Amino acid sequence: MTASPRILEVRRNVLKHNDVIARELRERFRQAGVFVVSLVSSPGSGKTTFLEKTLSLLRPRYRVAALVGDLATENDAARLARSGAPVRQIVTGTVCHLEAEMIRGALGDWDLAQLDYLFIENVGNLVCPASYDLGEDGRAVLLSVTEGEDKPLKYPPIFHGADWALVTKFDLAEAAEFDFEAARRNLTAVCPGAAVLTVSAKTGKGMEEWVRVLAQRGRFAEG
Amino acid sequence: MHELSIAVSIVDLAQEEAAARHVRILAVHLKLGPLSGVVREALEGSFEIAAAGTPLESARLVILETPIVVLCPQCQAERTAPSMQALRCPDCGTPALKVLQGAELQVTGLEVEA
């Protein structure tokens, strides 16, 4: 006769390793006085163009830099460097998302006190990045008008984690027959707290508003 | 598809506990919230792959799915949201800004040989 198994209670978060590093990073960012924003979206939603424009608009007034994650190429870093801001590339290889350890590795001994804003562009993927805290102060999720209004309902965890939902390529909204009110409803359903903005990096419409939102949330805005 | 790396973490974590307590693991109990961003079916398949060739090879992964609990600002009470696609109070419909539970990815227990 075999004894029945017993249950040992254990309480361990599976992603604790990532969470510990993310907490360290958050503290490092706070001490350096840099405000860190990560960008997530599906591939092709216009993250890099949007970030390039954001960097260019912020640069006259603030010290800005970017870390950019990509599976295989360094093309995005080369594009972003055109803004004149310091950019570091993280080539993730087969990994479909950024983890806190990769951010720590890419930062190395970078003196972050020399920066006002640091942007982290995640790998284009609406699924996996949702699970990983990168130590950022805020997360922006991008949804382009060509992707359809129901994307937030299809990928709730990533939209749920957003502080800002940015509807990109808004200059194409009419051509794509994009129903903004429906998109806003869907965004609000999965993330009631997110601020919803419409932007076009191409025409620049909405970008000033985004920059204003960032300026309100930066470190110097707090003190 | 990050479930495989998460499954590897679960196997590592369980092995660590097993070694520390000198026990053989029959099953790993996991709390999984829908907002964790982890897909149950993908994780179950990945667990088998991750456990292969380890002392957990024949262990089961027992998943307890947790509900999404929100704080309704209107009712001033904890409520279970209807779904991830509807983070609102089921009673009054007020959008819930505060999610109290539903993003868990936690090993809660190990079933071991007596």
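All chains are named by letter (A, B, ...) in the order of the sequence lines, taking the proteins before the strands, and each is independently numbered beginning at 1. As the structure is a computational prediction, the values presented were derived from the model and not from experiment.
Listed in order of number, the residues of residues 10-24 of chain A that approach chain B to under 4.5 Å between heavy atoms are A:V10, A:R11, A:R12, A:N13, A:V14, A:L15. Contacts with chain A (heavy atom to heavy atom, under 4.5 Å) involve these residues of residues 30-44 of chain B, listed by number: B:L30, B:K31, B:P34, B:L35, B:S36, B:G37, B:V38.
Proximity to chain A (any heavy atom under 4.5 Å) is shown, for B:S83, by neither the backbone nor the side chain. Using a 4.5 Å cut-off between heavy atoms, B:L26 touches chain A through its side chain atoms alone. If you measure heavy-atom distances from A:Y132 to chain B, the contacts under 4.5 Å come from the side chain alone.
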Exercise. Would B:E17 and A:L8 satisfy side chain to side chain contact (heavy atoms under 4.5 Å, CB included), going step by step from the backbone distance to the final call?
Worked result: CA-CA 10 Å; B:E17 292 284 339; A:L8 300 176; over 6 Å; no
Exercise. What do the steps show when you test A:N125 against B:H2 for side chain to side chain contact (heavy atoms under 4.5 Å, CB included), and what is the final call?
Worked result: CA-CA 11 Å; A:N125 180 342; B:H2 59 314; over 6 Å; no
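Heavy-atom contacts from other residues, nucleotides or ligands closer than 6.0 Å to CD of A:Q31 number more than 12.
The distance from atom OG of A:S4 to atom CD of B:E111, rounded to the nearest 0.5 Å, is 9.5 Å.
When each of A:A130, A:P152, A:P192, A:A194 is scored by its heavy-atom pairs under 4.5 Å with chain B, the top score falls to A:P192. Put simply, of A:C96, A:G193, A:C128, the one with the most heavy-atom pairs under 4.5 Å next to chain B is A:C128. Note: B:L105 leads B:L105, B:L97, B:I25 in heavy-atom pairs under 4.5 Å with chain A. If you tally non-hydrogen atom pairs under 4.5 Å between each of B:R88, B:K98, B:E3, B:E16 and chain A, the highest count goes to B:E16.
Nearest heavy atoms, B:Q85 versus A:V190: CA-CG1, 3.8 Å.
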